[in-house]
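Report on one structure; see the data block that follows.
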Amino acid sequence: MFTLNRWQSRTAALMALSITAGTVAPFITASPSLAQTTFSDVSSNYWAAQFIQQLSQRGVIAGFPDGSFRPEEPVTRAQFAAMVNKAFQKAQQRQAINFTDVPSNYWASSAIEQAYTIGFLSGYPGNRFEPNQAIPREQVLVSLANGLAYTPSGNTESTLQYFNDASNIASYARSPIAAATEKQIVVNYPNVKFLNPTATATRAQVAAFIYQALVSSNQVSAINSPYVVTAVGSTTPTAGSVTIPQGTAIAVKYDKAEKILVTKDETAPLTLTVSQNVVTQDGTIVIPAGSQIIGQLKPATGGSQFAAQKLVLASGQEYQLNATSEVITKTETVKKGISTSAIIKDTVLGAGAATAISAVTGDRAIATEEILGGAGIGALVGLLLGKNSVDLIAIDPNTDLQMTINQNLLVSLR
């Protein structure tokens, strides 16, 4: 096992379903190109934010008319059937049956029939489907494993012993959940060791499970989340690879400027350079200085934070990277009458910051090469016209953006 020096440890288908007074509103799914991907109640640092955003973009799930997603609301079996049909395209595996509690005019009748015929869902004795029953977490995982025809390659009980509450998994669910665990479909928040199999699945949890099922079938790219269960199955490090542990610090630099200014509300793309080799105990370099980290500056509580998305090694190898900097809260006040050239000397601006500076100083001639990519928020101009000053987040990229890896990262030593 490798140890690293200087590594610092720190610690559906839409489901836009309005449930009121026991009634379920018909669902409408936006086309992927028009789909809403941000929601008023899903912050950027919410544990399932990336899963929700990606599935929304694919048109598998959607929010509510008020702009919310309601991630903690329970999911019914009918709603789950609708989501499965949007996520997976499969040929019919068996003939449809008429469930006694699903009338032909029920809003999800077609979705339930389809989910049954393609092998994702089954009914209860007496040809009942229980469409309005809240679906348990273990049932979601069984559905996904069965629908994708996954079976465990290892010993079922040995795999399930990873979970501290394995004894609570129903007998019918044990083999499918072991298979789902091996395929890295299981996502456990806030503690990966607790499956909570009998708990009702929430909209956020179902989004995470379905996304991981799509990853397992090579339909989407993996998201680096610390809550994906990766301790068993195919993620065991192999010869010629090393796991960089969660909590590792990566020193970075930014050569294009000595300072970055952004508004507290904007998101701006940014590529940083690794400034120091990350090495193993025996001196093997696993992340060489000069590697690139691609990500973005994003709003965070009280300031701005860099969130990494991709690591590109000098060799050209690319890895999805889940790492963040500390939140930067330092501010710089730009006042009316100040020289714009003095503000932007050795500085790059987020598009929102450039808009804010223009509005306060009246200077509309800020050069585009001094602005990070992204779009300025036009409404800022109206808000700031007539204002005498604006406070911007001031970032020293060579000291403020050192980041910490939030999830173990497996890299090849080739």
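One is the number of the first residue; the rest follow in order along the sequence. Just the heavy atoms: all of them, side chains too, but no hydrogens, waters or symmetry mates, feed the values below.
- Applying the side-chain hydrogen bond (donor to acceptor under 3.5 Å, both in side chains) rule to Y46 yields the partners E72; only residues at least two apart in sequence or on another chain are considered.
- Inspection of the D265 and T263 side chains reveals no N or O donor paired with an N or O acceptor under 3.5 Å.
- Between S291 and L311, the shortest heavy-atom contact is CB-CD1, 4.2 Å.
- Under a 3.5 Å cut-off, the side chain of D165 and the backbone N or O of L195 do form a donor-acceptor pair.
- Proximity of Q305 to S325: side-chain heavy atoms (C-beta onward) are separated by under 4.5 Å at one or more points.
- With K183 contributing its side chain and Y150 its backbone, the two residues share no donor-acceptor pair below 3.5 Å.
- The shortest distance between side-chain heavy atoms of F80 and Q139 does not fall below 4.5 Å.
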Exercise for review: Give the C-alpha distance, both sets of side-chain angles, the deciding distance and a yes or no for side-chain contact (heavy atoms from CB on, under 4.5 Å) between L409 and L321.
Suggested key: CA-CA 7 Å; L409 175 65; L321 178 62; 3.9 Å; yes
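- Annotation for V206 and A201: closest pair CG2-CB, 3.7 Å, computed over non-hydrogen atoms.
- Shown here for F88 and A213, the closest heavy-atom pair between the two residues is CZ-CB, 3.7 Å.
- Ring to ring, Y116 and F99 are close: their centroids are under 6.0 angstrom apart.
- Between T159 and P152 there is no side-chain heavy-atom pair separated by less than 4.5 Å.
- For A78 against A108, the heavy-atom pair with the smallest separation is CB-CB, 3.9 Å.
- Considering only residues two or more places apart in sequence or on other chains, N398 meets the side-chain hydrogen bond (donor to acceptor under 3.5 Å, both in side chains) condition with none of them.
- Panel note: side chain R174, backbone E157; no donor-acceptor pair is recorded below 3.5 Å.
- Between W47 and Y227, the two ring planes are perpendicular [angle over 60°; tilted spans 30° to 60°].
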L160 and I169: side-chain contact (heavy atoms from CB on, under 4.5 Å), yes or no, with the steps?
-> CA-CA 9 Å; L160 295 182; I169 303 172; 4.0 Å; yes
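- In terms of heavy-atom proximity, P74 sits nearest to Q79 at O-OE1, 3.8 Å.
- Looking at P71 and D41, their side chains come closer than 4.5 Å, going by heavy atoms from C-beta outward.
- For residues 391-413, the salt bridge (Lys or Arg N to Asp or Glu O under 4.0 Å) pairs, not counting sequence neighbours, are K330-D400.
- Considering every non-hydrogen atom in both L121 and S143, the closest pair reads CD2-OG, 3.9 Å.
- Note that CG of N196 is 10.5 Å distant from CG of N164, once rounded to the nearest 0.5 Å.
- The backbone N or O of K298 lies less than 3.5 Å from no partner atom in the side chain of T267, so there is not a single donor-acceptor pair.
- Two residues are said to be in side-chain contact when any heavy atoms from C-beta on lie closer than 4.5 Å; D101 and N132 fail this criterion.
- Of the possible donor and acceptor atoms, one in the side chain of E266 sits under 3.5 Å from a partner among the backbone N and O of G352.
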### Task
Decide side-chain contact (heavy atoms from CB on, under 4.5 Å) for L313 and Y319; before the verdict, give the C-alpha distance in whole Å, the side-chain angles of both, and the deciding distance to 0.1 Å.
CA-CA 8 Å; L313 301 183; Y319 299 92; 3.8 Å; yes
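- A heavy-atom distance below 4.5 Å is found between the side chains of T331 and I393.
- Atoms OG1 and CD1, from T271 and I294 in turn, are 5.0 Å apart once rounded to the nearest 0.5 Å.
- Under 3.5 Å, the side chains of T117 and Q93 contain no donor-acceptor pair of N or O atoms.
- Annotation: K264, atom NZ; neighbour count of heavy atoms from other residues, nucleotides and ligands within 6.0 Å does not exceed 12.
- I293 places a side-chain heavy atom less than 4.5 Å from the side chain of M403.
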>> Applying side chain to side chain donor-acceptor pair (under 3.5 Å) to S40 and D66, what does each step give before you reach the verdict?
In response: CA-CA 9 Å; S40 59; D66 63 0; 5.6 Å; no
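- With hydrogens and angles disregarded, no donor-acceptor distance shorter than 3.5 Å links the side chain of S109 to the backbone of N105.
- Put simply, the side chain of V186 reaches to within 4.5 Å of the side chain of F163, judged on heavy atoms.
- For the pair K193 and Y162, the cation-pi test (distance below 6.0 Å, angle within 45°) is passed.
- Considering CG of N155 and CD of Q161, their distance stands at 9.5 Å, rounded to 0.5 Å.
- With hydrogens and angles disregarded, no donor-acceptor distance shorter than 3.5 Å links the side chain of Q212 to the backbone of V228.
- For the residue pair S153 and E182, a side-chain donor N or O sits within less than 3.5 Å of a side-chain acceptor on the partner.
- To the nearest 0.5 Å, atom CG of residue L270 and atom CG of residue L401 are 6.5 Å apart.
- Not one N or O on the side chain of S68 forms a donor-acceptor pair closer than 3.5 Å with the backbone of F64.
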* Asked: Can E130 and R77 be said to form a salt bridge (charged side-chain N to carboxylate O under 4.0 Å, His left out), step by step?
  -> CA-CA 7 Å; E130 302 291 350; R77 283 170 51 83; over 6 Å; no
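- At distances below 3.5 Å, not a single donor-acceptor pair connects side-chain atoms of Q50 with backbone N or O atoms of A48.
- Here the straight-line distance linking atom CD1 of I118 with atom CD of Q92 works out to 9.5 Å at 0.5 Å rounding.
- Interatomic distance, Q114 CD to F120 CZ, rounded to the nearest 0.5 Å: 10.0 Å.
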* To do: Given side-chain contact (heavy atoms from CB on, under 4.5 Å), test N188 with R137 step by step and report yes or no.
  => CA-CA 10 Å; N188 292 338; R137 283 168 53 87; 2.6 Å; yes
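- When atom types are taken as modelled, the side chain of Q320 and the backbone of I223 share no donor-acceptor pair closer than 3.5 angstrom.
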